[in-house]
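Contents: one structure, followed by commentary.
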Amino acid sequence: MKKESVRIAACTMAAVITFSGMKLSVHAAGDLNSVLPSAGIDYSLSSESTTSLSDMKEEVERENSSGLTASTAEIAIKGSGEIPIGGMLESNEQTTISDKKIERTIVVSEGYTRDLREASNAAKLSAEEEGFKSLVIARVNNYVNVRDIPSEDGEIVGKLYDKSVGTFIEESDGWYKISSGSVEGYVKAEFCVTGDDAVSYAREVGTRIATVTTTTLYVREEPGTDAVILGMVPIEDELIVTEELDGWVKVNIEEGDGYVSTDFVNMSTEFVKAESIEEERARLAKEEAARAEAKAAAARKAAENKASSGSSSSGQTTTYAPPSGSASGQAVVDFAMQFVGNPYVYGGTSLTNGADCSGFVMSVYGNFGVSLPHSSAADRNVGAAVNGIENAQPGDIICYSGHVGIYAGNGQIVHASTSKTGIIVSNATYRSILSIRRIF
């Protein structure tokens, strides 16, 4: 007996079974407990046997690992002939499955799915808002100290920066005891919000992130697989979410606002947490060591460039030696500006033949002996943090949602923008900045 693989994909309440031969309709009782995964389920069915329609329904339900049963399922068998059946079919009615390719698709009714998803989203929203009520969010100019006791005489154990978040533990005489990151202690209540006031503020200060989980993800102009592709983003890239729809999220990339399927991203909400005094000291020491190493690497690279400058071919600049053998952010910018006008190539790292945004930054800094990741998301963690564009210096790395560039000074960046524009100079604040990192 020959068996053929049958693929099940579930999205509506009407179950459609395509054979070659005839068309039937069956209405079966049951409940819709959940929605099948869109990837579908594979199973085998005898191609030369007699199968009752009720057995088909039972087999579908057994194979459904997500618990879907069709409450008003329509089973259609299509082929050269068509025999419509308008009412209920008896469970003992039989049909013969011909020895031909079987294609089986279960679809959940559009209206029912919409109601189900809306109810699910509403439940998630309600649960999320309840969770926000237990947050303590700093609302200050810079930071509020976290102390070991509820008093200004207490020892400072950490800092809760503006718009940073902790979890409420208890209240004591105008102080909130919180837990945030590795820090547990007390903050003055007058500098924070919690309870109902924290719900709306949490949405303002939290950053909704979609992290790409597939090798290359298409960003489309509209929410749908048939929509025009706006751009592409690589795996592990982190995109800022500006709107959440049914199965799609609106994100911001270099080419503009577009949509990605939630099937290929992990959703999360980022809050800034408190930093302990020990963590602050360790971070500052690590950043200083990283800057020292970057400068030493640049100096070594400059010496190598100088030694090989006599043998380099004329007419093409391939390296740039920083003035006086020392690295500076301005030297990085000067080197990078030589390649303005060159092409953008997705996944590329060539400053002459084409690079993408992180490939451009990586290759520019590579010229100075500094190794950086080929990832705009990973670039958010290199070097030392810079607080605000007003404190940025030439050579700093400016990180955006799914994009990165090099600060050129005077409010501008040099970056590999898009396949249409190539490597260009733009206003640094043309998009919302996620972070600024300093290498030298």
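When reading the values below, keep in mind they use all heavy atoms of this one structure, side chains included, and skip hydrogens, waters and symmetry mates. Just so it is clear, the model here is predicted, and its values are computed rather than measured.
Salt-bridge formation is detected for the pair Arg380/Glu238: a Lys NZ or Arg NE/NH1/NH2 atom is positioned less than 4.0 Å from an Asp or Glu carboxylate oxygen. A salt bridge links Glu130 with Lys133: at least one charged nitrogen is closer than 4.0 Å to a carboxylate oxygen. Salt bridge status for Glu287 with Arg283: present, with a side-chain N to carboxylate O gap under 4.0 Å. Note on Arg147 versus Glu184: no salt bridge recorded, every NZ/NE/NH1/NH2 to OD/OE distance being 4.0 Å or above. A salt bridge does not link Arg203 with Glu244: none of the charged nitrogens is closer than 4.0 Å to a carboxylate oxygen.
Nearest heavy-atom pair across Gly166 and Ser180 is CA-CB, 3.6 Å. Considering every non-hydrogen atom in both Ala297 and Gly369, the closest pair reads CB-O, 3.3 Å. Considering all non-hydrogen atoms of both residues, Ile424 and Val340 come closest at CA-CG1, 4.3 Å. When all heavy atoms of Ala428 and Ile413 are compared, the closest pair comes out as CB-CG2, 3.7 Å. Closest approach of Ser164 to Lys273, counting heavy atoms only: OG-O, 4.2 Å. In this structure, Met362 and Leu372 approach most closely via the heavy-atom pair CG-O, 3.2 Å.
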request  = Applying side chain to side chain contact (heavy atoms under 4.5 Å, CB included), run through His403 and Ser376 and close with a yes or a no.
outcome  = CA-CA 6 Å; His403 193 63; Ser376 61; 5.6 Å; no
key: Test side chain to side chain contact (heavy atoms under 4.5 Å, CB included) applied to Ile397 and Val361, step by step   = CA-CA 8 Å; Ile397 297 174; Val361 173; 3.9 Å; yes
request  = Walk me through it: do Leu239 and Asn252 pass the test side chain to side chain contact (heavy atoms under 4.5 Å, CB included)?
outcome  = CA-CA 7 Å; Leu239 307 174; Asn252 181 250; over 6 Å; no
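Side-chain N/O atoms of Ser426 and Gln412 include no donor and acceptor closer than 3.5 Å. Side-chain atoms of Glu254 and Ser417 form a donor-acceptor pair, as typed in the model, at a separation below 3.5 Å.
In summary, the aromatic rings of His415 and Tyr430 are positioned with their centroids under 6.0 Å apart. A centroid separation of less than 6.0 Å is found between the aromatic rings of Phe440 and Tyr365. In summary, the aromatic rings of Phe168 and Tyr176 are positioned with their centroids under 6.0 Å apart. Aromatic ring centroids of Phe132 and Tyr201 lie 6.0 Å or more apart.
A distance of 12.0 Å separates OG1 of Thr418 from CG of Asp356, quoted to the nearest 0.5 Å. Note that CD1 of Ile178 is 12.0 Å distant from CD of Glu170, once rounded to the nearest 0.5 Å. Lys177 NZ to Thr167 OG1: the interatomic distance, rounded to the nearest 0.5 Å, is 13.0 Å. If you take CD1 on Ile436 and CD on Gln393, they are separated by 11.0 Å, rounding to the nearest 0.5 Å. For the atom pair Thr214 OG1 and Asp237 CG, the distance stands at 12.5 Å (nearest 0.5 Å). Put simply, CZ on Arg291 and CD1 on Ile439 are 10.0 Å apart, with the number rounded to the nearest 0.5 Å.
Between the side chain of Ser134 and the main chain of Gly131, a donor-acceptor pair closer than 3.5 Å is present. Under a 3.5 Å cut-off, the side chain of Asn391 and the backbone N or O of Asn387 do form a donor-acceptor pair. At distances below 3.5 Å, at least one donor-acceptor pair connects side-chain atoms of Thr262 with backbone N or O atoms of Gly247. In this structure, Thr194 contributes its side chain and Leu135 its backbone to a donor-acceptor pair below 3.5 Å. Without hydrogens or angle criteria, Ser172 side chain to Trp175 main chain gives no donor-acceptor distance under 3.5 Å. Listed for the Arg220 side chain is a donor-acceptor partner under 3.5 Å among the backbone atoms of Thr225. Arg139 places no side-chain N or O within donor-acceptor distance of the main-chain N or O of Phe191, the cut-off being under 3.5 Å. With hydrogens and angles ignored, the 3.5 Å screen pairs a side-chain donor or acceptor of Glu279 with a backbone N or O of Ser276.
Both tests pass for Lys159 against the ring of Tyr143: distance under 6.0 Å to the centre and angle within 45° of the axis.
Taking the side chain as every heavy atom from C-beta outward, Val425 and Met337 approach each other to under 4.5 Å.
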